[in-house]
Amino acid sequence: MENNVKVGIVMGSDSDMPVMSKAAEILDEFGIGYEMHIISAHREPDIFFDWAKGAKERGIRVIIAGAGMAAHLPGMCAALFPLPVIGIPMHTTSLGGRDSLYSIVQMPSGVPVATVAIGGGKNAGLLAVKILAVSDDALLAKLEQYIAEQKESVEKKDARLQKVGYQHYADKQ
Ligand code: RP5
């Protein structure tokens, strides 16, 4: 996994893994190398600083950072790493993830974080693929294939709805 690493996936806690693994699955699907770490910006700021500061030199071109509550991890990645940072707000029990969302999306001018939906691991992975595809035609071709398959999947669902009607749509095929 460490060969040809282009993306850094970082999360504030292992409790974020169910969401962050969705981003990793997309990168696996597209054959993009990544490193994945659990690093807490609050609980181990020194380790976090070294990781984010060294990311560019390790070949990382995009960081996907997920965190919850007072979610400073993505924003601090953007402060330390010069290339794109995608932030994923985690759902929280106390405030439903609005705390995470606002912490990540409300960055000060000059330090952007591309924020996806609460729990949006899959879209974060796809956004990273799209960013890398800007300068990689082979990856762009794979992306276009993925988009075509997605369209086909919806068309098949509609064809089935037209055929069996809503009353039988949920029946086993
Ligand atoms: C953040 O606090 C993490 O990103 C996580 O979403 C949240 C809760 O962390 P744990 O208490 O589950 O470790 O740092």
Side-chain angles (χ1 to χ4, degrees), residues 1-134 136 139 142-143 146 150:
M1 196 198 280
E2 295 292 326
N3 288 340
N4 201 19
V5 164
K6 290 265 179 5
V7 178
I9 300 180
V10 65
M11 66 203 91
S13 169
D14 62 354
S15 61
D16 304 328
M17 188 63 83
V19 170
M20 301 310 287
S21 60
K22 300 283 177 214
E25 281 168 14
I26 288 289
L27 300 182
D28 284 335
E29 194 173 333
F30 281 90
I32 294 171
Y34 58 90
E35 53 172 58
M36 190 178 203
H37 292 278
I38 300 160
I39 304 176
S40 169
H42 295 130
R43 294 164 178 153
E44 42 180 10
D46 48 345
I47 291 175
F48 168 72
F49 187 92
D50 288 347
W51 181 83
K53 261 301 211 198
K56 188 190 77 177
E57 297 312 322
R58 293 195 304 280
I60 290 174
R61 291 296 169 261
V62 183
I63 287 179
I64 300 173
M69 303 164 75
H72 298 130
L73 184 75
M76 285 309 295
C77 283
L80 295 165
F81 175 72
L83 291 163
V85 175
I86 301 167
I88 312 177
M90 295 299 147
H91 185 266
T92 58
T93 46
S94 46
L95 295 172
R98 289 171 196 81
D99 42 355
S100 322
L101 173 65
Y102 293 162
S103 300
I104 295 174
V105 80
Q106 289 291 67
M107 287 298 291
S109 176
V111 192
V113 169
T115 308
V116 296
I118 296 168
K122 183 175 176 179
N123 269 1
L126 281 169
L127 190 51
V129 172
K130 288 188 175 215
I131 290 167
L132 295 171
V134 165
D136 182 336
L139 186 57
K142 278 191 200 173
L143 190 54
Y146 180 93
Q150 197 166 235

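Because the structure is predicted, anything quoted here is derived from the model rather than measured. Numbering of ligands and ligand atoms starts at 1, following listing order.
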[atom]: the protein heavy-atom neighbour that sits closest, reported with distance to 0.1 Å:
| atom | answer |
| --- | --- |
| atom 11 (O) of ligand 1 | Arg43 NH2, 3.3 Å |
| atom 10 (P) of ligand 1 | Ser13 OG, 3.4 Å |
| atom 8 (C) of ligand 1 | Met69 SD, 3.9 Å |

Under 3.5 Å: donor-acceptor pair, side chain of [X], backbone of [Y]:
| X | Y | answer |
| --- | --- | --- |
| Thr92 | Gly97 | yes |
| Arg58 | Trp51 | yes |
| Asp16 | Ser13 | yes |
| Lys6 | Ile60 | no |
| Arg43 | Ser40 | no |

* **From Gly68, Gly66, Ser40 - option closest to atom 2 (O) of ligand 1 by heavy atom** =>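 Looking at heavy atoms only, the winner is Gly68.
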* Heavy atom under 4.0 Å from ligand 1: found in Ser15's side chain, backbone, both, or neither? ->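 Near ligand 1, Ser15 shows its side chain, while the N, CA, C and O stay back.
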* Which segment of His42 sits under 4.0 Å of ligand 1 when only heavy atoms are counted ->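 Under 4.0 Å from ligand 1, His42 contributes no heavy atoms.
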* Tell me, do Ile86 and Val116 make a side-chain contact under 4.5 Å, heavy atoms counted? ->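 Yes. Closest side-chain heavy atoms under 4.5 Å.
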* **For Asp16, atoms of ligand 1 separated by under 4.0 Å from a heavy atom** =>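 Listed by number with element: 3 (C), 4 (O), 5 (C), 6 (O).
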